[in-house]
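We count ligands from 1, going down the list as the structure has it; atoms in each ligand are counted the same way. Throughout, residue positions are numbered sequentially from 1 according to the sequence presented.
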Amino acid sequence: MEKFQVKFMPDQQVIEVEQGTSLLKAASQAGIFIKSSCGGKGTCGACKVTVISGEAKSERTGNLSPEQLSRGVRLSCHTFVEGDLTVEVPPESRLQAHQVLLEDANAALLTETSKDLLTYYGYHPLARKVNIRCSEPTLTDNAGDWTRLSIELKRVLQSDKPLTIPLSVLQTLPETLRQAHWDLSVILTDLESGYTVLHVEPANDRPCYGLAIDVGTTTVVVYLVDLDSGEIVDKQGSYNKQAQFGDDVISRIVYAVDSTENMAEIQKAVVDTVNVLIEGILERQSLTSQNIASAVIAGNTTMSQLFLGINPRYIRLEPYIPTVNSTPAVSAREIGLRLLPEALIHTYPSVASYVGGDIVSGALATDMANSDEIILFIDIGTNGEIVLGNKDWLVSCACSAGPCFEGGGILFGMRAMPGAIERVDIDPESLDVKLKVVGKIAPVGICGSGLVDCLAKLRKAGIIDRAGNFQLEHPSQSARIRATEDDKEFVLAWAHQAGGDKDIVISENDVKNLIRAKGAIYAGIRSLLQTVALEIDMIERIVIGGGFGNYLNVHDSVEIGLLPDLPQEKFEFIGNSSVKGARLALLSQKAWNEAADLARKMTYIELSIGTTFMDEFVSALFLPHTDLSLFPSVEGTF
Ligand code: FES
């Protein structure tokens, strides 16, 4: 097949691809990642590019306007290379390798909690390093190298657990022992099932590290943890590169199961994401992959399966069955992660297709399985997982809230990063707007907490009604409320304030999306309560997790009906609970064993069975709810 050159601007990146390759794919091959919310179905419009010159064939143009088409704007997923091309990828179509906000608003408190849990479970990392000295062989003491090493190791470890060594380490062992003059540092796994030698090197005092990794559908976060002290030495986060195959787990499954190549590609995307983060950390800390002995990964069921290259097809088909709930540890070499090649990667066990290891990890970090109080743990993210219970029982569900609160599916939505509007104030009379922007710079978009705030304020100012309909006849006659060709919108920041050429707006469509997302979460909470015949006020503590949880305003969240109307002091934020649980397991064998019990103990409630969830959902499609008596603190504001 004929090959052509595609030049991507403004990067000036040139790549040669076969005729008929989609521009989305060509860009990815050139290392430019384009958003593809619908997974390349041609329906979302997120993958827009401009064909500046050359020949390309478009099969679908989605909702592009005639004006856009005449300017050369195309959907990159449905535009195919037919000759040499020059293509511009605008900033809004790119998956930015942005910095994920990693600091918790209440970091001090959370570190406290995790330390307490570590004391409770006992400090016993899944891998460690020991320094030993072996006796040199002589003509009269001619035991083999591995025998000498294992005898000495067993003596130092004082344990009769089995001790093994993989072939790859054996292969270089003789030279290493002699170069080190029999003075050695040995890195090994320390699991209930036994020890495995991961690496042998000349004796040194270098610390040995592990990684706690949260593989989120949208964001991936890696913590570098010192296995001797338990300290978090460094953190790094970025977008999950799998986002080029769709925003949600369903579109990624659809993409992955289409062909073996797709499966390999999507697995590589997430492994690459983690590797880039690891490399960044290693470089900053002047370390090499040889220093990293272990990793614990927490992700939802689809993410875990895709990470390990396990076919996820049946996760999305009724009756929704994952391939495994508990995966054996695999070596870094097997999946291509940049750790010690023989280091073991432990994947958090999951409960069901839509309640995965990230939630088990989070539940472990909340310590709810040891609590007398009834705790509600909510992960406010794309999948909207909820766990309810205490030390005697635990039930869980997933209410698929969608990516709204992470900025997905919202015109100017973005993650909480510099330039994101995080607080909104609207004067109810004049409709003047005051904004608080992350990083105190000109606003470029609006993040989850800003959206929650915005929704509450739009309703309070009478800009929208309780169903989210825009009131164009608002008494203020403000120019901020306006109708466009196909929607209505409210201007949050004028173009000149935003330092760009576009006004930052929230549209009626955005509002409806947000109402659906908050409605799904609230309906999930109510449905779960119903299955155990409890009332909302019987919840003693609400723990909110997810990157978004850090910035959430409880008052606003109650006002829009996202969270139950309970006293402020019952709410607690845990931030990225998934990565916290991963760290806990990394540092404590007992915690890791408990995670397996926890996953088994959680009963999964399938919300698609019966009508409870649907009925609850429909009732929650109002601000704050159809039944105002559920929100007594808000009721008075009407
Ligand atoms: S329209 Fe191209 S990815 Fe959605």
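Side chains of Asn240 and Thr217: a donor-acceptor N/O pair is absent below 3.5 angstrom, by distance only. One side chain, Ser259 or Asn262, offers a donor N or O that lies under 3.5 Å from an acceptor on the other. Inspection of the Ser28 and Gln244 side chains reveals an N or O donor paired with an N or O acceptor under 3.5 Å.
Atom numbering of ligand 1 starts at 1 in the shown order; those under 4.0 Å from a heavy atom of Cys44 are 1 (S), 3 (S), 4 (Fe). Per-residue contacts place Gly42 under 4.0 angstrom from the following atoms of ligand 1 (heavy atoms of the residue considered): 1 (S). Each of the atoms 1 (S), 2 (Fe), 3 (S) of ligand 1 lies under 4.0 Å from some heavy atom of Cys47. Per-residue contacts place Cys38 under 4.0 angstrom from the following atoms of ligand 1 (heavy atoms of the residue considered): 1 (S), 3 (S), 4 (Fe).
A salt bridge is absent between Arg252 and Asp248; no separation between the charged side-chain nitrogens and carboxylate oxygens falls under 4.0 Å. Salt-bridge annotation for Arg94 and Asp11: present, with a side-chain N of the basic residue lying under 4.0 Å from a carboxylate O of the acidic one.
Contacts between Thr43 and ligand 1 below 4.0 angstrom, taking non-hydrogen atoms only, involve the backbone exclusively.
Taking backbone and side-chain atoms together, Cys77 has an N/O/S atom less than 2.8 Å away from atom 2 (Fe) of ligand 1.
In this structure, Gly40 has a heavy atom closer than 4.0 Å to ligand 1.
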Margin query: Is there a side-chain hydrogen bond (donor to acceptor under 3.5 Å, both in side chains) between Asp214 and Asn576? Walk through the geometry before answering.
Written below: CA-CA 8 Å; Asp214 164 42; Asn576 188 333; 3.0 Å; yes
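Looking only at protein heavy atoms, the nearest one to atom 1 (S) of ligand 1 is Gly45 N, 3.2 Å.
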